[in-house]
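The block underneath contains the structure these notes are about, expressed in structure tokens.
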Amino acid sequence: MGEAPEIQLQVPSEDEKLNEDSVEQQTNGNQSTTITQQRTYKWWLLMTIYTFFLLSGQSVATLLGRLYYDKGGNSKWLATIVQVVGFPILIPLYYLPSYKSSHTSNITTNPPSLLVHSGMYFGLGLLLAAGCLLYSVGLLYLPVSTYSLICASQLAFNALFSFFFNSQKFTPFIINSLVLLTISSTLLVFQNDSSGSTPVPRAKYVIGFVCTVAASAGYGLMLSLTQLCFQKILKKQTFRAVLDMIIYQSSAATLMISVGLFASGEWKSLGEEMEGFKLGKSAYVNVLVWIAVGWQVFSIGAVGLIFEASSLFSNVISTLGLPIVPVFAMVFFHDPMTGVKVISMLLAIWGFVSYVYQHYLDDRNSDTGKL
């Protein structure tokens, strides 16, 4: 009989096992890196789109708001309500497939009661309504360039309130940003742009300054409280939750402002105001409509940045738009670009860069800690 074939078993050595494991890990690492890069590109694309919406909506709405006053509009309550009444155009966002799926996967086990929800939206809506009214008074009495630069102080207020409500840490760069933005806004109280498109008495200029600063403080407080509500009450930060917050909050604010509009009696003179609008009736309606649309485009950008990053980052990007409005105001409304305004703008930009650099350091330290 022939000999049976000899079967040889090859047992891999330890070195071979290590080599195979390293190759597998390298392959998985390359795949993970590719996926991460794809997500990074998508994230930056979304951030770019949201930033464009925020800056364009904010700039257009602010300039049209000044145009409304310059061409014969005089209703503070009407100028206030158009800032929030356009929220229904956000409702279709509920039906985007990606956000519907994210909602179903982020359902909380013990949702807050209806009473808690109602109180939260009512309180934030009241704060929003008050802030919009103060902004309208400020825009009525101030040149649009001065108004825009003072609004930069909302970043400082946001950081201050975040220290108390959201455990925001004060670093040297944050403190530097707060000081610069405070000085930037304070400088503007020492001038009166009587040579602008709508000259105003000194007393009304001061009223406009105080109202704009108060509105900026209220906006900073509202952002911090909104973040607190997500952390302590809603306990989730999906896009749908943020969309709920914007729409319900705007609904409450619209109801309150409507009461003010009718209680003040300004609604009686709206027909006469439209007749006397210098650009005509159709232009009157178009200006108001596009103000409302502009603020909702701004809201989409702000909501998107909150969803993708944070409320603080959204406010930082909003502050980035401060050089845009004064430049366009100088072109379209002939607002003078005085030396004080230039210094104020440079200080505000310096404060903004200081704030952004601190976020860059935080992100870099966070990425280093994950390695």
Side-chain angles (χ1 to χ4, degrees), residues 54 57-58 61-62 64-66 68-69 73-91 115-142 147 150-151 153-154 157-158 161 165 207-230 233 242-270 288-289 291-303 306 311 314-315 318:
L54 187 151
Q58 176 181 254
T62 302
L64 288 177
R66 181 67 258 176
Y68 164 76
Y69 285 131
N74 197 42
S75 174
K76 296 183 290 293
W77 287 102
L78 182 61
T80 301
I81 199 170
V82 293
Q83 298 179 45
V84 295
V85 76
F87 66 89
I89 69 174
L90 300 179
I91 294 177
L115 181 62
V116 173
H117 266 112
S118 302
M120 175 183 65
Y121 294 133
F122 180 83
L124 292 174
L126 178 61
L127 197 59
L128 176 62
C132 290
L133 178 60
L134 290 171
Y135 275 133
S136 297
V137 175
L139 191 58
L140 173 63
Y141 293 142
L142 294 176
Y147 165 87
I150 296 175
C151 287
S153 63
Q154 69 190 28
F157 286 115
N158 190 194
F161 288 123
F165 295 112
I207 292 174
F209 177 87
V210 172
C211 287
T212 306
V213 172
S216 299
Y219 183 74
L221 176 61
M222 186 181 68
L223 283 182
S224 297
L225 291 178
T226 300
Q227 194 73 19
L228 184 67
C229 289
F230 279 122
I233 299 178
V242 177
L243 203 57
D244 287 343
M245 177 71 74
I246 296 295
I247 290 180
Y248 294 143
Q249 179 181 344
S250 297
S251 301
T254 299
L255 178 62
M256 297 174 198
I257 298 171
S258 299
V259 172
L261 175 63
F262 286 99
S264 66
E266 285 189 1
W267 65 276
K268 298 178 182 179
S269 61
L270 294 182
L288 293 176
V289 168
I291 290 175
V293 172
W295 283 121
Q296 294 313 309
V297 171
F298 164 83
S299 297
I300 294 173
V303 167
I306 290 173
S311 62
S314 177
N315 200 0
S318 177

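The figures here come from the full heavy-atom set of this structure, side chains too, leaving out hydrogens, waters and symmetry mates. In this chain, residues are counted from 1 in sequence order.
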If you measure from [atom1] on [X] to [atom2] on [Y], what distance do you get to the nearest 0.5 Å?
X: Thr62; Y: Arg66; atom1: OG1; atom2: CZ; answer: 11.5 Å
X: Ile291; Y: Ile81; atom1: CD1; atom2: CD1; answer: 13.0 Å
X: Ser216; Y: Asn158; atom1: OG; atom2: CG; answer: 11.0 Å
X: Ser299; Y: Ile247; atom1: OG; atom2: CD1; answer: 10.0 Å
X: Tyr121; Y: Ser250; atom1: OH; atom2: OG; answer: 11.5 Å
X: Leu134; Y: Lys76; atom1: CG; atom2: NZ; answer: 12.0 Å

Quiz item: Can you name the ring-ring contact (aromatic ring centres under 6.0 Å, His included) partners of Tyr219, sequence neighbours left out?
Solution: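 Residues passing ring-ring contact (aromatic ring centres under 6.0 Å, His included) with Tyr219: none at all.
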
Do [X] and [Y] make a side-chain contact, defined as non-hydrogen atoms from C-beta onward lying under 4.5 Å apart?
X: Thr212; Y: Ser153; result: no
X: Asn74; Y: Leu140; result: yes
X: Phe230; Y: Met245; result: yes
X: Phe165; Y: Leu225; result: yes
X: Tyr248; Y: Leu124; result: no
X: Leu133; Y: Ile257; result: no
X: Phe122; Y: Met256; result: yes
X: Thr80; Y: Tyr135; result: no

Using atom types as modelled and distance alone, determine if a side-chain donor or acceptor of [X] lies under 3.5 Å from a backbone N or O of [Y].
X: Ser269; Y: Glu266; value: yes
X: Gln296; Y: Ile89; value: no
X: Gln58; Y: Ser318; value: yes

Atom of [X], atom of [Y] and distance for their closest heavy-atom approach:
X: Phe157; Y: Val213; value: CE1-O, 3.9 Å
X: Cys211; Y: Gly138; value: CB-N, 4.3 Å
X: Gly220; Y: Phe161; value: C-CD1, 3.8 Å

Practice problem: List the steps and the verdict of side-chain contact (heavy atoms from CB on, under 4.5 Å) for Ser258 and Val85. | Solution: CA-CA 10 Å; Ser258 299; Val85 76; over 6 Å; no

Practice problem: Specify whether Phe298 and Trp295 have parallel, tilted or perpendicular ring planes, treating 30° as the upper limit for parallel and 60° as the lower limit for perpendicular. | Solution: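 Ring orientation of Phe298 relative to Trp295: perpendicular.
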
Exercise. For Leu288 and Tyr68, run side-chain contact (heavy atoms from CB on, under 4.5 Å): C-alpha distance rounded to whole Å, both residues' side-chain angles, the deciding distance at 0.1 Å, then the answer.
Key: CA-CA 8 Å; Leu288 293 176; Tyr68 164 76; 4.0 Å; yes

Quiz item: side chain to side chain donor-acceptor pair (under 3.5 Å) between Gln83 and Ser136: does it pass, once the steps are laid out?
Solution: CA-CA 9 Å; Gln83 298 179 45; Ser136 297; 2.9 Å; yes

